[in-house]
K.L.:
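Dropping a structure here in structure tokens format, bear with me for questions.
Chain letters run A, B, ... following the sequence lines, proteins first and then strands; every chain starts at 1. All values below come from the heavy atoms of this structure, side chains included, with hydrogens, waters and symmetry mates left out.
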Amino acid sequence: MLQSRTHNCGELRIANAGEKVKIVGWMENVREVSASLAFVVVRDFYGTTQVVADTEALVKSFREINKESTILVEGVVRERSSKNPQQTTGDIEVVPEKLEVLGRCRYNELPFQINHSREADEATRLKYRYLDLRNPEVKNNIILRCNVVSALRKSMTDHGFLEITTPILTASSPEGARDYLVPARNHPGKFYALPQAPQQFKQILMTSGFDRYFQIAPCFRDEDARADRSPGEFYQLDMEMAFAGQDDVFSVLEDVLPPIFAQYGIYNTASAAPFKRIGFNESMELYGSDKPDLRIGLTLRDFTEIGASCGFGPFEGSIVKAVVVPEFTQTRKFIDQLCTDVEVQTGEKTFWFRLDENGELVGGISKFLAEKKDAVIAALDLKPGCFVGLAAGKKLTALKTAGVLRKMLGNSVEGLMDREKYEFCWIVDFPMYEMGEESGELEFCHNPFSMPNGGLEVLNKAESGEVDPLTITAFQYDLVCNGVELSSGAVRNHDPEIMVKAFELVGLGEAEVMAKFPAMYNAFCYGAPPHAGIAPGVDRMVMLLAGEDSIREVIPFPMNKNAQDVMMNAPSEVEDKQLKELHIKLVSE
RNA sequence: GGCCCAGUAGUUCAGUUGGUUAGAACGCCAGCCUGUCACGCUGGAGGUCGACGGUUCGAGCCCGUUCUGGGUCGCCA
């Protein structure tokens, strides 16, 4: 039977030469140099070690073992006669005295080559995730995730926060995302729901007197996936503070995150406290996004006045926003690709023209602007060599489209961004209400439980018509880093009176508050502390730190886009008996 | 649910204007090779071109439908 290894595959050095050792691991590769000389690479979690087979019999033994089998090699460490300085174990090799196969790999051909698994088809990678994870490049992201989570825990604990777990089986919440439901066996017709976030529990903890709470919390939302959004489940660094406001929350995260980003990220600088604060409206005007990448040195310009009257059809009656890139040298092909890419992402057309080196308006829609050349140059402050990208539509559409244009230009044109850093910012002063596009009535913009800026007074004024409710802002904030929305948070509305008033403005009242959030509302009626919190997404943070574009690269066992686990075959059908116990009858379509 | 892109050997891809027996690299198998480390050299096996239908003398290529995967919009308080 196997006795423990004496060393792992990453630790043997020249100083170990002469020692008798026992190593175990996966047989990664065999390089046969002759019938009586071969080099075998053994890999474990820690690294790789070279084993040398220098007799015909040994070469034959290794030959009979399929790659990726697990083996045990007992032997003597020897200095290599030709060293490899690129490997930490490159000075030595193990000369085997005993070889044992511990776990045979039955297949001589794998679904993909381990060290190239990242190039393989994603569906195949996910199906054989256990092989994919053998690839050090894949595995290292998971290790990074462990280290980051561990560092976050330590820092939060050091800041006086208690980690408290909250229920996974809980009640369905009527608003927000679609719930995952779990049928209750002992309560026919009733369901538990998996929490979309521990939101209500953490606020209730505040009313119970816990001063500083956090949790690496699993959250479940039955919504469609994106490259940066895992379907089904994800993790948040969920936190809440009692007797605290926006600045208190900001200063905790400004203290916790930058050192962790600088230590574990691919870039080793992160913005220092305090992070830049940008109002929601200002962010939309300047960057065309509520999650701006501040590393990109471009801001949007307004071009409505000239655009709307220049005779170019798509601009008539529209708001027009411009992105100006100085000293632009890209080709026409690049510009066409850019416009196509923006349209794919936004569904909106984009337009362009240039001011060439001779000071002439050329390309794109320039002929519509020729008559107003001087006004165009003045309005956009153009210099020869400038490229101007344009987006038009209703105000929000024009801003968002121009925002995508800005981001793509920043990412693809050399010299427009200082990429090698983490640039945080807070987006603050989100509107409390918005006009529903379908209903045409006033609705909550984000969650209804943020504290309105101005409290009861401003809500009363809105009710009496003194204040336009659309101008009321909430103590609601987002944390953004390099164009990625890491987190949403808020100062909560802990006052039942203000809460009811906030609901009354959208045509609801105490009955609805109590019906939708009974536990939290009742708890607030017994003396609640003012409190505030936030919940940065762990997966998103690790993605940024690892420099990955797909969230699946930082999740150990990710689901595919359609919320299926193709390795475990989930979701799957269940036995009739199980359904019967749960009082469920399947209806065929 | 809408839109965009992709699907050819185990893997990653190429495949010209529709025209003979569909190619390459890596991997796999066999042989050679005594210091490799992305070992090298020689040879070999391996294909329902996602599926179905259509156009055509002839389809990997053109058209239609459909399936699968990814991206995106909707959605994600």
K.L.:
Tell whether A:Arg229 reaches the base of B:rC75 with its side chain through a donor-acceptor pair below 3.5 angstrom.
P.N.:
yes
K.L.:
Check this for me: does the side-chain of A:Arg78 come within 3.5 Å of the base of B:rG35 through a donor and an acceptor?
P.N.:
yes
K.L.:
Counting only side-chain nitrogens and oxygens, does A:Arg221 get under 4.0 Å of the OP1 or OP2 atom of B:rA77?
P.N.:
yes
K.L.:
For the ring pair (Phe, Tyr, Trp, His ring centres under 6.0 Å) test, which of A:Tyr433, A:Phe444, A:Tyr521 pairs with A:Phe503?
P.N.:
A:Phe444
K.L.:
Give a yes/no answer on whether the side chain of A:Arg226 brings an N or O atom under 4.0 Å of OP1 or OP2 in B:rG74.
P.N.:
no
K.L.:
Answer whether the closest heavy-atom distance between the side chains of A:Ile296 and A:Tyr287 falls below 4.5 Å.
P.N.:
no
K.L.:
Are any of A:Arg63's side-chain N or O atoms less than 4.0 Å away from OP1 or OP2 of B:rC28?
P.N.:
no
K.L.:
Within less than 4.0 Å of OP1 or OP2 of B:rC39, is there a side-chain N or O belonging to A:Arg31?
P.N.:
yes
K.L.:
For A:Asn562, does the CG atom have more than 12 heavy-atom neighbours from other residues, nucleotides or ligands under 6.0 Å away?
P.N.:
yes
K.L.:
Looking only at side-chain N and O atoms, does A:Ser34 come under 4.0 Å of OP1 or OP2 in B:rU34?
P.N.:
yes
K.L.:
Could you write out each protein N or O paired with an N or O of nucleotides 65-69 of chain B at a distance under 3.5 Å?
P.N.:
unit_1: B:rG69; atom_1: OP1; unit_2: A:Gln564; atom_2: OE1; d: 3.3
unit_1: B:rG69; atom_1: OP2; unit_2: A:Asn562; atom_2: ND2; d: 3.0

K.L.:
Below 4.0 angstrom from OP1 or OP2 of B:rG35, is there any side-chain N or O of A:Lys83?
P.N.:
no
K.L.:
If you measure from the P atom in B:rG69 to the same atom in B:rC29, how many Å do you get, rounded?
P.N.:
32 Å
K.L.:
Provide the distance between the two C1' atoms, one in B:rC3 and one in B:rU20, to the nearest whole Å.
P.N.:
41 Å
K.L.:
Stacking check: are the rings of A:Phe39 and B:rU36 less than 5.5 Å apart at their centres and under 30 degrees in tilt?
P.N.:
yes
K.L.:
According to the Watson-Crick and G-U wobble definitions, with both distances under 3.5 Å, which nucleotide is paired to B:rU20?
P.N.:
none
K.L.:
Taking only side-chain N and O atoms of A:Asn29, does any of them lie within less than 4.0 angstrom of OP1 or OP2 on B:rC39?
P.N.:
yes
K.L.:
Regarding A:Lys67 and A:Asn29, do their side chains bring together a donor and an acceptor under 3.5 Å, going by distance alone?
P.N.:
yes
K.L.:
Is it the case that B:rU11 (base atoms only) and A:Glu119 (side chain only) share a donor and an acceptor within less than 3.5 Å, ignoring hydrogens and angles?
P.N.:
no
K.L.:
N/O contacts under 3.5 Å, protein versus nucleotides 42-47 of chain B?
P.N.:
none

